[in-house]
Amino acid sequence: MLSKKITDKKKASPKESMIIDISSKLSSVLITFKDKLGEKKFEKRIRKAAKLIMDGIKFTPAKKRVATKLPAKSNEKKATASIVTKKQKDKV
C-alpha cells in the first residue's frame, strides 16, 4: 500500500487522508485480484478507484464561529422582582 509519510510540520489534507483510507479498505476487500494483476498495477487501479469515489464527496471548509453579542439585560428583571403577590404580602 502506498502511504505518504507525514511530517510534523506538514499535515495531510482531509481529502488525501480519505483517499488513503478508501484505498486501504478497497485493497483489503479486493485482495484476490492482487495475484492476477500484480502489485504495481493493483495499487495504481485501487488508487484511481479511490480518487473516483472521492470525486462525489464535496468538502466544505468548517465555518468559523462568530461571537455574537447577547442583548443587554434590560430592567425586565427589576420590574418582575418588584411585583409581589398577595400571598407574599400576607407572609410579611
Side-chain angles (χ1 to χ4, degrees):
M1 181 88 254
L2 298 174
S3 61
K4 292 185 176 181
K5 293 183 179 180
I6 302 169
T7 61
D8 293 334
K9 294 179 182 177
K10 185 177 179 182
K11 294 183 179 181
S13 66
K15 189 173 183 178
E16 186 65 30
S17 62
M18 285 288 286
I19 288 174
I20 292 170
D21 291 340
I22 291 171
S23 61
S24 67
K25 289 177 183 177
L26 283 175
S27 63
S28 65
V29 172
L30 302 172
I31 199 136
T32 56
F33 295 114
K34 196 176 213 178
D35 298 331
K36 294 178 183 178
L37 292 173
E39 180 79 25
K40 193 172 183 180
K41 282 187 180 179
F42 180 75
E43 290 298 328
K44 283 184 180 180
R45 290 181 184 189
I46 291 293
R47 184 83 175 167
K48 285 181 183 179
K51 284 183 180 180
L52 288 173
I53 290 171
M54 285 298 299
D55 283 341
I57 299 173
K58 303 288 182 190
F59 281 100
T60 56
K63 294 182 180 179
K64 293 183 180 180
R65 288 185 151 182
V66 178
T68 57
K69 292 184 179 179
L70 296 174
K73 292 185 180 181
S74 60
N75 293 333
E76 294 175 17
K77 222 175 195 183
K78 292 179 183 177
T80 56
S82 63
I83 299 173
V84 180
T85 60
K86 291 181 182 180
K87 289 183 181 179
Q88 288 176 346
K89 285 183 181 178
D90 293 337
K91 288 182 182 179
V92 178

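Quick note: numbers below take in every heavy atom, side chains included, and nothing from hydrogens, waters or symmetry partners. Just so it is clear, the model here is predicted, and its values are computed rather than measured.
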Nearest 0.5 angstrom please: [X] [atom1] to [Y] [atom2], how far?
X	Y	atom1	atom2	result
I31	F42	CD1	CZ	6.5 Å
M54	M18	CE	CE	5.0 Å
S27	E43	OG	CD	6.0 Å
K34	R45	NZ	CZ	14.5 Å
K36	L30	NZ	CG	11.0 Å
K48	L26	NZ	CG	14.5 Å

Open item on the list: Could you check whether any side-chain heavy atom of E16 comes within less than 4.5 Å of a side-chain heavy atom of I20, counting everything from C-beta outward?
Closed with: yes

Open item on the list: If hydrophobic clusters are built from ILVMFWY residues whose side chains come within less than 4.5 Å, do L52 and I46 share one?
Closed with: no

